[in-house]
**Q** 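One structure coming up, written as structure tokens, with questions to follow.
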Amino acid sequence: MKEFEIEHMIIDDGFDGEECVTADFTHSNKEYSITFKKSDLELINAWVFENETSLPANLSDNLIESLRDEVRKQI
């Protein structure tokens with residue numbers, strides 16, 4: 001069983017002049033959003049949503065790599 005579940009994914013071709021992929025996912029009963037460059041899936045940013053506020057997320061390298069692999073499969 002995966003430690004996360006991607007709920008929604010958007011490919012945006014207008015972000016900062018470059019295509020990016022944003023995936024909203026749940027992990028440990030919290031909601032997150034992570035954005036990668038589409039060309040090489042380099043991490044741009046990651047946010048956790050708590051108390052109606054978005055905060056920078058502190059995600060493990062293993063979780064980021066797992067998310068990257070899942071996004072790669074879906075695009």
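Remember, it's a predicted structure, so these values are computed and weren't measured experimentally.
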**Q** Excluding sequence neighbours, so at least two apart, what forms salt bridge (charged side-chain N to carboxylate O under 4.0 Å, His left out) with D69?
**A** R72
**Q** If I take atom CD from residue E5 and atom OG1 from residue T26, how far apart are they, to the nearest 0.5 angstrom?
**A** 5.0 Å
**Q** To the nearest 0.5 Å, how far apart are CD in E3 and OG in S28?
**A** 7.5 Å
**Q** Quick one: OG1 on T22 to CD1 on I10, what's the gap to the nearest 0.5 Å?
**A** 6.5 Å
**Q** Cluster partners of L63, using ILVMFWY side-chain heavy atoms under 4.5 angstrom, listed by chain and number?
**A** F4, I6, M9, I11, V21, F25, Y32, I34, F36, L41, L43, V48, L55, L59, I64, L67, V71, I75
**Q** Tell me, please, which residues at least two apart from E50 pass side-chain hydrogen bond (donor to acceptor under 3.5 Å, both in side chains).
**A** K30
**Q** I want to check something: taking the side chain as every heavy atom from C-beta on, are E18 and S39 in contact at a cut-off of under 4.5 Å?
**A** yes
**Q** Output all residues satisfying side-chain contact (heavy atoms from CB on, under 4.5 Å) with E42, sequence neighbours left out; order by chain, then residue number.
**A** K37, D40
**Q** So which residues get pulled into F49's cluster when ILVMFWY side chains under 4.5 Å apart are joined, directly or through others?
**A** W47
**Q** Among residues at least two apart in sequence or on other chains, which ones pass side-chain hydrogen bond (donor to acceptor under 3.5 Å, both in side chains) with E65?
**A** R68
**Q** Salt bridge (charged side-chain N to carboxylate O under 4.0 Å, His left out) with E31: which residues, sequence neighbours excluded?
**A** none
